[in-house]
Colleague: 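Pasting a structure here, questions to come.
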Amino acid sequence: MDYFKAFLIGGAICALAQILMDKTKMMPGRIMVLLVCLGVALGALGIYGPFAKFAGAGASVPLIGFGYTLWNGVKEAITNEGFIGIFKGGFTASAIGISASLLLGYLASLIFNPKSS
């Protein structure tokens, strides 16, 4: 049942992003930034935490979940380290995801033949 719930909720988030891309003149980069900022804002308001607990991977894998991860990292670092936590908390919390995406993107560029259009 957890897989089904994650599929439905993650799919709904992605469908909303696709609707934004199709129905507005917003560029994909701006939509991505909007989703990350929405995750931070909903985390700060205390809304995204219970939603992420309910939805599991369906809420933590899309970009909105990345914003929530950044928020949690900053919040925890501010509690532990004070003002400097504003600057380093998000990096600490998301370091493994950013590192993995950079490494896997580089490996994909070595394996496949990228073409510019």
Side-chain angles (χ1 to χ4, degrees):
M1 191 64 177
D2 289 338
Y3 295 124
F4 184 69
K5 190 172 25 173
F7 175 76
L8 285 180
I9 293 172
I13 293 170
C14 293
L16 290 173
Q18 187 66 45
I19 290 169
L20 277 174
M21 289 173 64
D22 291 344
K23 300 296 181 184
T24 67
K25 294 183 188 247
M26 290 178 71
M27 300 299 289
R30 291 181 186 219
I31 293 172
M32 289 171 33
V33 169
L34 176 73
L35 289 172
V36 172
C37 290
L38 185 63
V40 170
L42 291 175
L45 294 173
I47 297 170
Y48 205 77
F51 175 67
K53 192 173 203 169
F54 168 75
S60 62
V61 172
L63 280 173
I64 195 167
F66 178 67
Y68 178 65
T69 300
L70 290 174
W71 163 251
N72 277 337
V74 170
K75 183 174 71 169
E76 183 178 325
I78 289 172
T79 303
N80 295 336
E81 301 175 33
F83 182 73
I84 195 72
I86 294 171
F87 303 104
K88 66 186 256 189
F91 292 117
T92 304
S94 60
I96 189 69
I98 294 171
S99 299
S101 64
L102 288 172
L103 179 65
L104 294 173
Y106 178 70
L107 290 175
S109 73
L110 293 176
I111 295 169
F112 301 102
N113 186 15
K115 298 183 173 115
S116 28
S117 44

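Just so you know, these numbers use all the heavy atoms, side chains as well, and skip hydrogens, waters and symmetry mates. This is a predicted model, so every value here is computed, not measured.
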Colleague: Taking the side chain as everything from C-beta on, heavy atoms only, tell me whether Leu35 gets closer than 4.5 Å to Met32.
Modeller: no

Colleague: The criterion is salt bridge (charged side-chain N to carboxylate O under 4.0 Å, His left out); which residues satisfy it with Glu76, sequence neighbours excluded?
Modeller: none

Colleague: Where is the tightest heavy-atom contact between Tyr68 and Ala52, given as atom of each residue plus distance?
Modeller: CE2-CB, 4.3 Å

Colleague: Kindly give the heavy-atom pair with the smallest separation between Leu70 and Gly90, and that separation in Å.
Modeller: CD2-O, 3.4 Å

Colleague: Quick check on side-chain contact (heavy atoms from CB on, under 4.5 Å): which of Leu42, Leu16, Leu34, Val36 does Ile64 satisfy it with?
Modeller: Leu42

Colleague: Taking Phe83 as the starting point, is it possible to reach Ile78 by hopping between hydrophobic residues whose side chains are less than 4.5 Å apart?
Modeller: yes

Colleague: Step by step, would you call Ile98 with Leu102 a side-chain contact (heavy atoms from CB on, under 4.5 Å)?
Modeller: CA-CA 6 Å; Ile98 294 171; Leu102 288 172; 4.1 Å; yes

Colleague: Could you tell me the separation between the CD1 atom of Ile19 and the SG atom of Cys14, rounded to the nearest 0.5 Å?
Modeller: 11.5 Å

Colleague: Looking at every non-hydrogen atom in both residues, tell me the closest pair between Gly89 and Ala77 and how far apart they are.
Modeller: CA-CB, 3.5 Å

Colleague: Would Ile47 end up clustered with Phe51 when hydrophobic side chains under 4.5 Å apart are linked, directly or stepwise?
Modeller: yes

Colleague: Please say whether more than 12 non-hydrogen atoms of neighbouring residues, nucleotides or ligands are located less than 6.0 Å from CG in Leu110.
Modeller: yes

Colleague: Phe87, Val74: one ILVMFWY side-chain cluster at the under-4.5 Å cut-off?
Modeller: yes

